[in-house]
Amino acid sequence: MEETPPNPYTPSVVEPKWQQRWTERGTNTATLDNPKRPFYALMMFPYPSAEGLHVGNLFAFTGSDISARFHRLMGHDVFQPLGFDAFGIHSENYALKVGAHPMELTPKNVANFTRQLGRAGFMVDWNQKVDTSRPDYYKWTQWVFLQLHKQGLAYKKAAAVNWCPTDKTVLANEQVEGGLCERCGTPVEQRFLEQWFFRISDYAPRLLNNLEWLDWSNVTRQAQRNWIGKSEGAHVTFDVQGHGERLTVFTTRADTIFGATYLVLAPEHPLVNTLTTDAQKSAVAAYVEQTTKQDLISRKSTREKTGVFTGAHAINPATKQPVPIWIADYVLMEYGTGAIMAVPGHDERDFEFAQVFALPIVRVVAGADQQADTPFDGAAFTDDEGGRLVNSAQFDGMSVTDAKREVTTWLNTQRHAEAVTNYRLHDWCISRQRYWGPPIPIIYCDDCGAVPVPESQLPVELPNIPDFKPDDSGISPLARHEEWYRTPCPTCGKSARRETDVSDTFLDSAWYFLRYPSATRDDVPFDAARTKTWLPVNSYIGGNEHAVLHLLYSRFITMVLKDGGHIDFEEPFTRFRAHGMIIREGAKMSKSKGNVINPDQYMEEWGADAFRMYLMFLGPYEEGGDFRDQGISGVRRFLDRLWASVRDATTEGAADDEVLRKLHRTIKKVGDDTANLAYNTAIAAMMEYINVVRRGERAPHRDEVLPLVQLVAAYAPHLAEECWEALGHTGSVFDAGWPAFDASKLVDDAVDIVVQVNGKTRGKVRAATGAGQEDAVALAMADSGIAKFVTDTPRKIVFVPGRLLNLVV
RNA sequence: ACCCGGAUGGCGAAAUGGUAGACGCGGGGGACUUAAAAUCCCCUGAUCGCGAGGUCGUGCGGGUUCGAGUCCCGCUCCGGGUACCA
């Protein structure tokens, strides 16, 4: 038999050993009450799919875990909880597909996720877990709804949903592909249903302004700014000829009013019926119906302009000329006032429309080299930089910027305009005509109307019904269960009906971070003292796919709870960082490509520590990385070498001075990089260090390897614990703190100074630390390899102390 | 179309305006071994040269600077997000 190396690193032994110890010793349990330096580290909780943990989840969680463990090493009391976003259409659709019930499937998936998460070795305080589909959680989701209702921020109105006439069911936007139902291929229609909305648009200015000071990834803040879509403009009012009615439009280009040659209303506009003349009634009705028959997605993506004349005319308040009123689906009811003044000369869409229907196009803005009568060259003139007004009476010659203001003021004096700020953000529809979600806690009584369920009667439990599939009624499956929805009115006691819609999953996740510290309390949604101690969240890490919806809704709900007096902060996440996406061998991972990584398999073969570390080594955490199968051997080799160094470490003699200098530089770099989520370069620095420690199979000194164990702990927690123990400690390395570094050890006695001649590097000289320019020049000129390029007396000398000398001749 | 990112060796990637390619993968050579694996050491951008050494090189074209992968202007391509938003 061959001689095997003594005591090799065996993750399959080390990892379970420490996972068990952590559980036994409560290593990952946070000190929730009276912590000294509380630090709430949050990662976005996963949706527990049947496929199990995706490598993308693992990538995200590992980066978050490293940050949390690092903060703990730096002396914080870190609370890092995790839970499951278990409600929602994904779970429900999957259950439908496999013919199982979500109430049975979900606990199984949660158990599998919990196993996988444990296997990966995350520092999660499982005592405080959350599962949004359990009554002890959604009781409080319903409570949140009631707070909004109480504050007048929840209301009901009719709104369009996607409807599949074959499956006879409501579809989510992602279930519509190119205007067709993803399951049966039938063209999808719109239906108008009464639904619950939250007035998030009231909060638009606050949501926008706070972005200025939030410590969040720029990409995320920018995405939210775009989504909120602040737009400065004016409401302009047109009198309708022969009617008492007036029409108000929103425009950002009040300056072009003289070129407004027609108006367009959204087909759903409430005045369409009133304004349409008898002659046009049937054409308009047909068009409105055709629009309705289209799904929401393809209506917004087809670019061909269609529309119908209503037969009515309005008076342009600037020109006093009558202009025709049309309806067209390119005008959206949900933005602005659902009506526009069309200026075909200076708006691409209006131009296209005017071309199709031969409507007049008037130039009212001229560019630098254009005149009032310069013809349009087949396109609208939208470049307003340096444009001057033409064909606009007293405003001729004025710049576009000035005219926006002046025209609005002028129209305002005639009560025809008002400067307004409009937001793209519209109210949040939380109704889902589905089963797998928290029932909306409202009871309809014929006498009392829509009555909120009293808080004392929460939760409104989701019944376990076998037939949870949506049906042809267009309303929730719960509506088929009279025994469930019949209930006495809380106000008058008469027989009444429960709301049968459930709420949006985004409501579940819009407050979950408040629940974690208080997850074991069943008498309150969140304990006042714990909330004060732990919130707002110190560090939130997650995917930028949630940049808008989840993060915006969470901010909104937090503001509402603050306004309701439940909490004393209005921004939930002090710091947010978006991680990147992980691809494989240059291609996106997908089931259809069959290139999805199975984390279990990799952890089995290489160990969780190696897998974690490899994921972090792929590239910058905030940008993502390319998973190449062969690459993992590199980090595994590093861990093998680390273990061997600990195993072979000696206490005899003293540590090598050179190695110690490298060590102190490494402590600094790993600390700085880890704090900045620059995990890839932190790992590279540790690899560099171990290359120095092990160079030529030298036996390292204990003092050289011990601090490295602390540095690597956040990255490879199991192995670090094992090493820490092997070095004679009984406690956890995570309670050992961060190694001290000696700044004086960062500087050498001598440094290399790069020497350039005319900006070209020609060599380097070794100079004493702190050497001045004259010393450096002397050393450079003494080097024949450098001096030969210095053909004349230097005209100019650039000297960067300790770094560089540039001789310009 | 708009808003963000990004483009650097065979590959994943590093580089406060200061030696481009750290670290890792892959490849080549060597040591150890009967042998292989593992481990360890060295080499590995292109090109010219026997060599010392030189020249070129960070998507493209300009500019600023003693000096540009990095800053500025104008493009090209790729990725992500939003999208008839008036």
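If you're wondering where the values come from, they're calculated on a predicted model, not measured in any experiment. Throughout, a chain's letter reflects where its sequence line sits, starting with A, and its residues are numbered from 1.
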Peer 1: Say we look at rG17(B) and rG69(B): how far apart would their P atoms be, to the nearest angstrom?
Peer 2: 13 Å

Peer 1: Are any of the side-chain nitrogens in Asp640(A) or Arg694(A) under 4.0 Å away from the carboxylate oxygens of its partner?
Peer 2: no

Peer 1: Testing Tyr614(A), Phe611(A), Tyr9(A) one by one against Arg636(A) for a side chain to side chain contact (heavy atoms under 4.5 Å, CB included), which residue passes?
Peer 2: Tyr9(A)

Peer 1: Ion pair present between Asp752(A) and Arg766(A), side-chain N to carboxylate O less than 4.0 angstrom?
Peer 2: yes

Peer 1: May I ask you to say what Asn680(A) touches in the nucleic acid, namely base, sugar-phosphate or nothing, with a heavy-atom cut-off under 4.0 Å?
Peer 2: sugar-phosphate

Peer 1: In whole Å, I'd like the distance from the CD atom of Glu334(A) to the P atom of rA86(B).
Peer 2: 13 Å

Peer 1: Pick the C1' atom in rC11(B) and in rU44(B), then give their distance to the nearest Å.
Peer 2: 13 Å

Peer 1: Please classify rG26(B) as syn or anti, treating any glycosidic angle within 90° of 0 as syn.
Peer 2: anti

Peer 1: How would you label the contact of Val219(A) with the nucleic acid (heavy atoms, under 4.0 Å): base, sugar-phosphate, or nothing?
Peer 2: sugar-phosphate

Peer 1: Scan every strand shown for a Watson-Crick or G-U wobble partner of rU33(B), both distances under 3.5 Å, and answer none if you come up empty.
Peer 2: none

Peer 1: Can a side-chain donor-acceptor contact be found between Tyr330(A) and Asp350(A) if the only test is distance below 3.5 angstrom?
Peer 2: yes

Peer 1: Please report the distance, rounded to the nearest Å, between CG in Leu332(A) and P in rU82(B).
Peer 2: 16 Å

Peer 1: Could you check whether the side chain of Arg225(A) and the base of rU82(B) have a donor-acceptor pair of N or O atoms closer than 3.5 Å, going by distance alone?
Peer 2: no

Peer 1: Among residues at least two apart in sequence or on other chains, which ones pass salt bridge (charged side-chain N to carboxylate O under 4.0 Å, His left out) with Arg555(A)?
Peer 2: Glu571(A)

Peer 1: From the options rA22(B), rC84(B), rG12(B), select the nucleotide whose nearest atom is closest to the side chain of Arg628(A).
Peer 2: rG12(B)

Peer 1: If you measure from the P atom in rC71(B) to the same atom in rC4(B), how many Å do you get, rounded?
Peer 2: 16 Å

Peer 1: Is it true that Asp215(A) and Arg577(A) have a side-chain N and a carboxylate O under 4.0 angstrom from each other?
Peer 2: yes

Peer 1: Have Thr220(A) and Asn544(A) got a donor and an acceptor in their side chains that come within less than 3.5 Å?
Peer 2: yes

Peer 1: Do the ring planes of Tyr621(A) and His579(A) sit parallel (below 30°), tilted (30 to 60°) or perpendicular (above 60°)?
Peer 2: tilted

Peer 1: To the nearest Å, how far apart are Glu352(A) CD and rA1(B) P?
Peer 2: 13 Å

Peer 1: If the sugar-phosphate is the primed atoms plus P, OP1 and OP2 and the base is the rest, what is the B/S/- string for nucleotides 41-59 of chain B, using protein heavy atoms under 4.0 Å?
Peer 2: S------------SSS---

Peer 1: In this structure, how many angstroms lie between the P atom of rG24(B) and the CG atom of Leu642(A), rounded?
Peer 2: 14 Å

Peer 1: Report yes if a side-chain nitrogen or oxygen of Ser231(A) is closer than 4.0 Å to either non-bridging phosphate oxygen (OP1 or OP2) of rA86(B); otherwise report no.
Peer 2: yes

Peer 1: Could you tell me whether Lys662(A) and Glu688(A) make a salt bridge, using a distance below 4.0 angstrom between a side-chain N and a carboxylate O?
Peer 2: yes

Peer 1: Given the P atoms of rU8(B) and rA13(B), what is the spacing between them in whole Å?
Peer 2: 9 Å

Peer 1: If you apply the rule salt bridge (Lys or Arg N to Asp or Glu O under 4.0 Å), what do you find for Lys764(A) with Asp783(A), and how did you get there?
Peer 2: CA-CA 9 Å; Lys764(A) 60 184 176 186; Asp783(A) 184 325; over 6 Å; no

Peer 1: From the options rA83(B), rC23(B), rG18(B), select the nucleotide whose nearest atom is closest to the side chain of Leu804(A).
Peer 2: rG18(B)

Peer 1: RNA chain B: Glu688(A) or Gly759(A), which has the more 5' nearest nucleotide?
Peer 2: Glu688(A)

Peer 1: Would you call Arg405(A) and Asp255(A) a salt bridge, using N to O less than 4.0 angstrom?
Peer 2: no

Peer 1: Please state the C1' separation for the pair rU58(B) and rA22(B) - nearest whole angstrom.
Peer 2: 15 Å

Peer 1: Angle between ring planes, Trp428(A) versus Tyr553(A), binned at 30° and 60°: parallel, tilted or perpendicular?
Peer 2: parallel

Peer 1: I'd like the P distance from rC72(B) over to rA83(B), given in whole Å.
Peer 2: 30 Å

Peer 1: Using atom CH2 of Trp643(A) as one end and atom C1' of rU39(B) as the other, report the distance to the nearest whole Å.
Peer 2: 18 Å

Peer 1: Counting only Watson-Crick or G-U wobble pairs whose two distances fall under 3.5 Å, which nucleotide matches rC56(B)?
Peer 2: rG45(B)

Peer 1: Just the rounded figure in Å: distance from P of rA14(B) to CG of Asn676(A).
Peer 2: 14 Å

Peer 1: Which of residues 610-625 of chain A have a heavy atom under 4.0 Å from RNA chain B?
Peer 2: Phe617(A), Leu618(A), Pro620(A)

Peer 1: Is rC84(B) paired to anything, Watson-Crick or G-U wobble with both distances less than 3.5 Å, and if yes, which nucleotide?
Peer 2: none

Peer 1: Who does rA15(B) pair with, Watson-Crick or G-U, both distances under 3.5 Å?
Peer 2: none

Peer 1: Give the nucleotide from the list rA20(B), rC84(B), rA83(B) with an atom nearest to the side chain of Thr761(A).
Peer 2: rA20(B)

Peer 1: Does rC66(B) have OP1 or OP2 under 4.0 Å away from a side-chain N or O of Lys796(A)?
Peer 2: yes

Peer 1: Between rU19(B), rA86(B), rC3(B), which nucleotide gets closest to the side-chain atoms of Gln222(A)?
Peer 2: rC3(B)

Peer 1: Is there a donor on the side chain of Gln756(A) or the base of rG18(B) sitting less than 3.5 Å from an acceptor on the other?
Peer 2: yes

Peer 1: Give none if rG67(B) has no partner; otherwise give the nucleotide forming a Watson-Crick or G-U wobble pair with it, both distances under 3.5 Å.
Peer 2: none

Peer 1: If you find the nucleotide of RNA chain B closest to Arg803(A) and the one closest to Val808(A), which residue's nucleotide is nearer the 5' end?
Peer 2: Arg803(A)

Peer 1: In whole angstrom, what separates Asp347(A)'s CG from rC84(B)'s P?
Peer 2: 13 Å

Peer 1: Under a 3.5 Å limit for both distances, which nucleotide forms a Watson-Crick or G-U wobble pair with rG5(B), could you say?
Peer 2: rC78(B)

Peer 1: Give, for atom OH of Tyr423(A) and atom CD1 of Ile228(A), the distance between the pair rounded to the nearest 0.5 Å.
Peer 2: 8.5 Å

Peer 1: Taking atom C1' in both rC84(B) and rA14(B), what distance in whole Å separates the two?
Peer 2: 45 Å

Peer 1: Which part of the nucleic acid, if any, lies within contact of Arg637(A), taking any heavy atom under 4.0 Å across all strands shown: a base, the sugar-phosphate backbone alone, or nothing?
Peer 2: sugar-phosphate

Peer 1: From the options rA86(B), rU19(B), rU82(B), select the nucleotide whose nearest atom is closest to the side chain of Asp752(A).
Peer 2: rU19(B)

Peer 1: Rounding to a whole Å, what distance do you find between Asp626(A):CG and rG5(B):P?
Peer 2: 22 Å

Peer 1: Using the C1' atom on both, measure rG45(B) against rG27(B) and round to a whole Å.
Peer 2: 14 Å

